[in-house]
Amino acid sequence: MYKVLIIFFLFLRTIFPGWFVEKEICITLDDLPYIARYHYNIEYGSMITDSLLSVFKEFNVVALGSVNSGQLFELNKINYSKVVLLERWLDSGMMLANHTYSHKNIYTISVKEYCKDVIDGETVLKDIMDARGQKLKYFRHPYLLKGETKEKADSISAFLSSRGYVEAPVTIDNYDYYFSLAFEKALLQNNNTLMSKIGKDYIEYIEKAVKYCESQSSALFGYNIKQILILHANMINAYYIRDLLSMLIRNGYKFISIDEALTDECYKTKDEFYQNLGVSWLRRWAWTLGIKDEYFSGEPEIPEYIKKIVDK
Ligand SMILES: [Zn+2]
């Protein structure tokens with residue numbers, strides 16, 4: 001019987017090779033220690049952190065969290081209860097990246113100001129990593145903006161390299177923060193029905209975004225690359241990270257670290273996208289390779305009712 005099953009398995013693999021290709025994904029979360037519009041306080045920050053980290057442990061995920069160290073300061077004084085949240089990330093086996101001190105838009109400031117914000121972003125973060133024998137290696141650009149001219153982008157990229165940084169790319173971009181804002185409003189009203197609906201629609205939306213990026217990846221490289229998903233340390237993910245990771249497993253994904261993701265050759269592709277637009281690296285590469293408009297169509301949309309709740 002066992003032999004028959006193996007032969008059947010090999011037969012299926014020959015007929016449907018796509019079913020057996022291993023899919024890999026790196027989970028990254030930005031705006032640590034936490035981000036919220038209506039619930040920005042240490043109690044919720046602590047809840048968001050605990051919820052994310054306990055699920056990551058359960059699913060053996062080594063996530064990359066990108067920190068805005070400006071968040072750690074209140075009236076020029078360090079708020080140690082927020083530093084503790086970052087220490088929890090490190091002590092749970094996660095990796096941390098510099099996401100600048102104050103999350104400025106590169107388009108609105110000079111190269112000099114941007115570089116200063118990168119250096120300021122090392123405050124506290126570098127110390128807590130040093131204390132654990134970890135090197136601060138990764139950098140995530142705020143708004144996924146790398147510079148709107150070649151000169152600016154090249155200067156910033158050279159500066160980051162000279163400081164030992166590796167840029168953390170994103171291949172699956174999405175609007176998780178929009179869902180989170182709607183979810184926060186539903187939470188304010190204690191509207192459990194609406195919260196559940198937003199959560200369910202959020203997972204469906206992220207699933208569509210993942211499938212969309214898989215097809216973009218196949219169109220560009222002929223295979224599904226080691227994907228890098230961007231999320232935020234926000235309320236929707238605090239409540240729905242388990243459902244989100246389960247959905248990825250259902251879609252055949254295995255979780256990998258950023259180090260493993262970047263071993264994919266695709267990350268050596270040239271990026272000459274110089275615009276004031278925060279887009280995924282798949283889009284940057286496609287643009288650089290001169291791929292036409294059709295490639296960029298069909299991106300999953302946020303449901304209208306979510307936009308209405310947020311804009312109200
Ligand atoms: Zn950010």
Side-chain angles (χ1 to χ4, degrees), residues 16-30 61 63-64 140-141 143-146 168-183 197-232 234 236-237 240-256 258 261-262 264-267 269-271 273 275 277-307 310:
F16 305 108
W19 288 5
F20 298 89
V21 174
E22 191 165 59
K23 297 179 184 177
E24 294 172 302
I25 192 163
C26 165
I27 309 294
T28 72
L29 290 101
D30 282 12
V61 169
L64 177 75
R140 166 68 52 79
H141 287 282
Y143 310 105
L144 306 185
L145 297 172
K146 294 175 68 176
V170 169
T171 59
I172 306 175
D173 192 14
N174 60 81
Y175 291 96
D176 72 323
Y177 48 91
Y178 227 81
F179 282 85
S180 200
L181 284 176
F183 189 83
K197 177 169 172 50
I198 295 169
K200 186 175 161 287
D201 291 341
Y202 172 58
I203 300 302
E204 278 176 17
Y205 164 80
I206 294 289
E207 186 167 22
K208 280 185 200 157
V210 169
K211 287 181 176 168
Y212 173 69
C213 294
E214 283 177 5
S215 63
Q216 279 204 320
S217 160
S218 298
L220 210 54
F221 296 105
Y223 68 101
N224 189 31
I225 61 167
K226 293 181 196 296
Q227 301 280 0
I228 303 177
L229 172 68
I230 184 176
L231 299 170
H232 291 80
N234 59 21
I236 194 87
N237 290 316
Y240 281 93
I241 193 69
R242 176 178 279 103
D243 293 26
L244 196 154
L245 298 183
S246 302
M247 175 275 288
L248 290 171
I249 290 173
R250 259 198 329 273
N251 278 278
Y253 276 96
K254 177 189 150 197
F255 303 112
I256 54 171
I258 185 87
L262 294 185
D264 195 313
E265 289 292 309
C266 71
Y267 293 102
T269 310
K270 224 186 235 180
D271 174 6
F273 180 84
Q275 289 192 40
L277 266 182
V279 296
S280 79
W281 267 240
L282 282 166
R283 289 185 162 226
R284 290 176 163 277
W285 296 326
W287 177 274
T288 306
L289 293 166
I291 288 166
K292 300 285 177 228
D293 295 351
E294 314 84 74
Y295 181 81
F296 301 98
S297 64
E299 191 177 354
E301 293 192 2
I302 307 169
E304 280 304 317
Y305 82 93
I306 296 279
K307 292 184 192 166
V310 173

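Only heavy atoms go into these numbers, but all of them, side chains included; no hydrogens, no water, no symmetry mates. What you see is a predicted model; the values in this text were computed from it and never measured.
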A.B. asks: Quick one: does I230's side chain get under 4.5 Å of L144's, heavy atoms only?
C.D. replies: yes
A.B. asks: Looking at W285 and T269, what are the two nearest heavy atoms and their distance?
C.D. replies: NE1-O, 3.4 Å
A.B. asks: Please test C213 against T171 for side-chain contact (heavy atoms from CB on, under 4.5 Å), starting from the C-alpha separation and ending with a verdict.
C.D. replies: CA-CA 7 Å; C213 294; T171 59; 5.8 Å; no
A.B. asks: Take I236 and L231 through the test side-chain contact (heavy atoms from CB on, under 4.5 Å) and record every step on the way to the result.
C.D. replies: CA-CA 10 Å; I236 194 87; L231 299 170; over 6 Å; no
A.B. asks: If we only count heavy atoms from C-beta on, is the Y267 to I228 side-chain gap below 4.5 Å?
C.D. replies: yes
A.B. asks: Where the side chain of D243 meets the backbone of S246, is there a donor-acceptor pair that is under 3.5 Å apart?
C.D. replies: no
A.B. asks: Could you tell me the separation between the CZ atom of F221 and the CG atom of D264, rounded to the nearest 0.5 Å?
C.D. replies: 7.5 Å
A.B. asks: For N224 and S218, which heavy atoms make the closest approach, and how far apart are they?
C.D. replies: N-OG, 4.3 Å
A.B. asks: A side-chain contact here means heavy atoms from C-beta on lying under 4.5 Å apart; do P300 and I206 qualify?
C.D. replies: no
A.B. asks: How long is the straight-line distance from CG of L145 back to CD of Q275, given to the nearest 0.5 Å?
C.D. replies: 11.0 Å
A.B. asks: Distance check, rounded to the nearest 0.5 Å: R283 atom CZ versus E299 atom CD?
C.D. replies: 4.5 Å
A.B. asks: Does the side chain of N237 come under 3.5 Å of the side chain of Y202 through a donor N or O and an acceptor N or O?
C.D. replies: yes
A.B. asks: Please say which of C266, S217, S280, C26 ends up in a side chain to side chain contact (heavy atoms under 4.5 Å, CB included) with Q227.
C.D. replies: S217
A.B. asks: Less than 4.0 Å between a side-chain N and a carboxylate O, is that true for K200 and E204?
C.D. replies: yes
A.B. asks: For the residue pair D30 / Y177, report whether a side-chain donor-acceptor contact shorter than 3.5 Å exists.
C.D. replies: no
A.B. asks: Got a sec, which pairs hit salt bridge (charged side-chain N to carboxylate O under 4.0 Å, His left out) with one end in residues 218-228, sequence neighbours left out?
C.D. replies: E24-K226
A.B. asks: Begin from the C-alpha positions of N174 and L229 and carry the test side-chain contact (heavy atoms from CB on, under 4.5 Å) through to its verdict.
C.D. replies: CA-CA 9 Å; N174 60 81; L229 172 68; 3.6 Å; yes
A.B. asks: Using 0.5 Å steps for rounding, measure from the NE2 atom of H232 to the OG1 atom of T28.
C.D. replies: 8.5 Å
A.B. asks: Let me see the working for Y178 and K307 under side-chain contact (heavy atoms from CB on, under 4.5 Å), right down to the final yes or no.
C.D. replies: CA-CA 8 Å; Y178 227 81; K307 292 184 192 166; 4.1 Å; yes
A.B. asks: Within 45° of the axis and under 6.0 Å from the centre of the six-membered ring of W281, does NZ or CZ of R284 qualify?
C.D. replies: yes
A.B. asks: Is it the case that over 12 heavy atoms from other parts of the model lie below 6.0 angstrom from the OH atom of Y205?
C.D. replies: yes
A.B. asks: Not counting sequence neighbours, which residues clear side-chain hydrogen bond (donor to acceptor under 3.5 Å, both in side chains) with N251? List them please.
C.D. replies: E207
A.B. asks: Which heavy atom of D173 sits nearest a heavy atom of G278, and at what distance?
C.D. replies: OD2-O, 3.9 Å
A.B. asks: Passes salt bridge (charged side-chain N to carboxylate O under 4.0 Å, His left out), K211 versus E214? Steps please.
C.D. replies: CA-CA 5 Å; K211 287 181 176 168; E214 283 177 5; over 6 Å; no
A.B. asks: Determine the minimum heavy-atom distance between V61 and L245, stating which atoms define it.
C.D. replies: CG2-CD1, 4.0 Å
A.B. asks: Ring pair (Phe, Tyr, Trp, His ring centres under 6.0 Å) with Y143: which residues, sequence neighbours excluded?
C.D. replies: H103
A.B. asks: Compare every heavy atom of A63 with every heavy atom of L29, then report the nearest pair and how far apart it is.
C.D. replies: CD1-CB, 4.2 Å
A.B. asks: Under 4.5 Å between any side-chain heavy atoms of I225 and Y223, yes or no?
C.D. replies: yes
A.B. asks: For a quick test of reading the model, state the closest non-hydrogen atom pair linking Y305 to I198 and the distance between them.
C.D. replies: OH-CA, 3.6 Å
A.B. asks: Say you draw a straight line from CG of D201 to OH of Y240; how long is it, rounded to the nearest 0.5 Å?
C.D. replies: 9.5 Å
A.B. asks: Can you tell me how far CG of D176 sits from CG of N234, rounded to the nearest 0.5 angstrom?
C.D. replies: 5.0 Å
